[in-house]
Amino acid sequence: MHADLLRALPAPACAYVYDTAALRARAAMVRRALPPKATLLYAVKANGHPAVVEALAGVCDGLEVASGGELALAVTAGARRIVFGGPAKTDAELRAAVAAGALINVESEHELRRLAAIAPRPPQVCLRVNRPGGGLRGSHTMTGAPTPFGIDESRLGEALRVPGVEVVGFHLHAVSNNLDGTAHAAFVRDALDWSLRAAGSNGVDLRVVNVGGGFGIDYQSRAEMDLSDLSSVVVPAGLDLIFEPGRYLAADAGAYAATVLDLKTTHGRTFAVLRGGTHHFRLPAAWGYSHPFTIVPVDDWPHPYPRPEVTDTEVDAVGELCTPRDVLTRGRHVTRLRAGDILVFARAGAYGWDISHHEFLRHDPPVFVIV
Ligand SMILES: *Cc1c(COP(=O)(O)O)cnc(C)c1O
């Protein structure tokens, strides 16, 4: 991926490449798979690079944000719609969200009261509800289990009696990285049914159901959630069904690339030591998996001393940090790998740089290349 571009970078290369055409194509593909007239938002926390946010703001219906910083990014990117969620909003963030015309997903009764006190007019909001069940398996379960997200279903009646806010819908984001498209479509149908019932029994004029994100991809097999069951979900007339995926939109449009600085074998294991590592791309270490890589061979070797090289062997791709946990990939077979070659980690566009601990050891950051 982008081999010539990577070879042209000053050596040793260390870069994130974000492909805006790929972002736009991906958003178009996701939109085609959703039920007609459903709203597609991009969850900015997956990748908040301004170029990524701007590209997706242009092709999605809007952006989902979870902090004052993301809200400011969304406003700058010219998002047509903004939805603001998160369990720990400050008064300043609530004020900024009201001023930006964002639809706020309120996460507690206390937050409802704080918002009512701040807003000049009763704002229309969605209530985030942590319902029992939900039946989705992914890497992070957020609903149907004890979590800080949303209100307990048993408190719905009390929450809906808080004066000074107008609840127009429910927010039911449930999971991250779900790989089962059939289960996801069933979750969406169930979320619609539950919302209609809850609205009916509590006298809510239901206009919005937000089913969140969570469309998954499998980093090791390259599989991903099959969206094809979603298009047949029937959305009641006049209801705004909101999807807000992050990972699924951004992952494939980003690659992380790092030059091999050294190759060595200790106690029978071979290590490719990179100009980079988990302080730039923390996801494999955080989730405990091996992220696949491809090799961009760099034939140029301008040095008088021999070039480290391995052939037909398994290598661990490790970073420049002084910790044995700085591992991106374990035991990947290579036919040939040399110091100076560049490893490319695809599918690094979501929860890559944005979740990493950049300042640890104070190495230079990667360059960000936008194509
Ligand atoms: C993180 C998050 C998303 C996006 O999740 P993905 O798994 O990246 O699709 C959407 N909505 C909310 C409320 C979130 O917290």
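Along the sequence shown, residues are numbered consecutively beginning with 1. Each ligand, and each atom within it, is numbered from 1 in the order the structure gives.
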> With atoms numbered from 1 as shown, which atoms in ligand 1 lie under 4.0 angstrom from a non-hydrogen atom of Tyr351?
1 (C), 4 (C), 5 (O), 6 (P), 8 (O)
> Is the number of heavy atoms from other residues, nucleotides or ligands under 6.0 Å of His358 NE2 greater than 12?
yes
> How long is the span from the OG1 atom in Thr294 to the CZ atom in Arg332, to the nearest 0.5 Å?
8.0 Å
> Is the shortest side-chain N to carboxylate O distance from Arg131 to Asp190 below 4.0 Å?
yes
> If you count every heavy atom of other residues, nucleotides or ligands that lies below 6.0 Å from Arg31 atom CZ, does the total exceed 12?
yes
> Judging by distance only, is a nitrogen or oxygen of Lys45 under 3.5 angstrom from one on ligand 1?
yes
> Which class fits the ring pair Phe215 and His184: parallel under 30°, tilted 30 to 60°, perpendicular over 60°?
perpendicular
> Could you list the atoms of ligand 1 found under 4.0 angstrom from a heavy atom of Gly213?
9 (O), 10 (C)
> Mind checking whether Tyr248 contacts ligand 1 via backbone (N, CA, C, O), side chain (CB onward), both or neither, at a 4.0 Å heavy-atom cut-off?
neither
> Step by step, would you call Lys45 with Glu70 a salt bridge (charged side-chain N to carboxylate O under 4.0 Å, His left out)?
CA-CA 8 Å; Lys45 81 167 184 282; Glu70 289 186 356; over 6 Å; no
> Parallel under 30°, tilted from 30 to 60°, perpendicular over 60°: which one fits the rings of Phe345 and His291?
tilted
> Record the part of Ala46 in heavy-atom contact with ligand 1 below 4.0 Å; permitted values are side chain, backbone, both and neither.
neither
> Within less than 4.0 angstrom of ligand 1, does Gly214 place any heavy atom?
yes
> Regarding Arg128 and Glu107, does a basic nitrogen lie under 4.0 Å from an acidic carboxylate oxygen?
yes
> Any nitrogen or oxygen of Gly246, main chain or side chain, under 3.5 Å from a nitrogen or oxygen of ligand 1?
yes
> Does Arg81 pair with Asp240 as a salt bridge, N-O distance under 4.0 Å?
yes
> Could you tell me if any non-hydrogen atom of Pro245 lies under 4.0 Å from any atom of ligand 1?
yes
> Check ligand 1 against Ala43 and write out every atom of the ligand that is under 4.0 Å from a heavy-atom position of the residue.
3 (C), 4 (C), 10 (C)
> Would you name the heavy atoms of Leu263 and Ala339 that are closest together and state the gap between them?
CD1-N, 3.6 Å
> With a cut-off of 4.0 Å, which atoms of ligand 1 are near a heavy atom of Arg247?
6 (P), 8 (O), 9 (O)
> Need the ligand 1 atom indices (1-based, order shown) with element for anything under 4.0 Å from a heavy-atom of Ser176.
7 (O)
> Say whether Arg128, considering both its backbone and side-chain N or O atoms, lies within less than 3.5 Å of an N or O atom on ligand 1.
no
> For ligand 1, is any non-hydrogen atom under 4.0 Å from Glu244's backbone (N, CA, C, O), its side chain (CB onward), both, or neither?
both
> If the cut-off is 4.0 Å to any non-hydrogen atom of His171, which atoms of ligand 1 fall inside it?
13 (C)
> Phe149: heavy atom below 4.0 Å from ligand 1, yes or no?
no
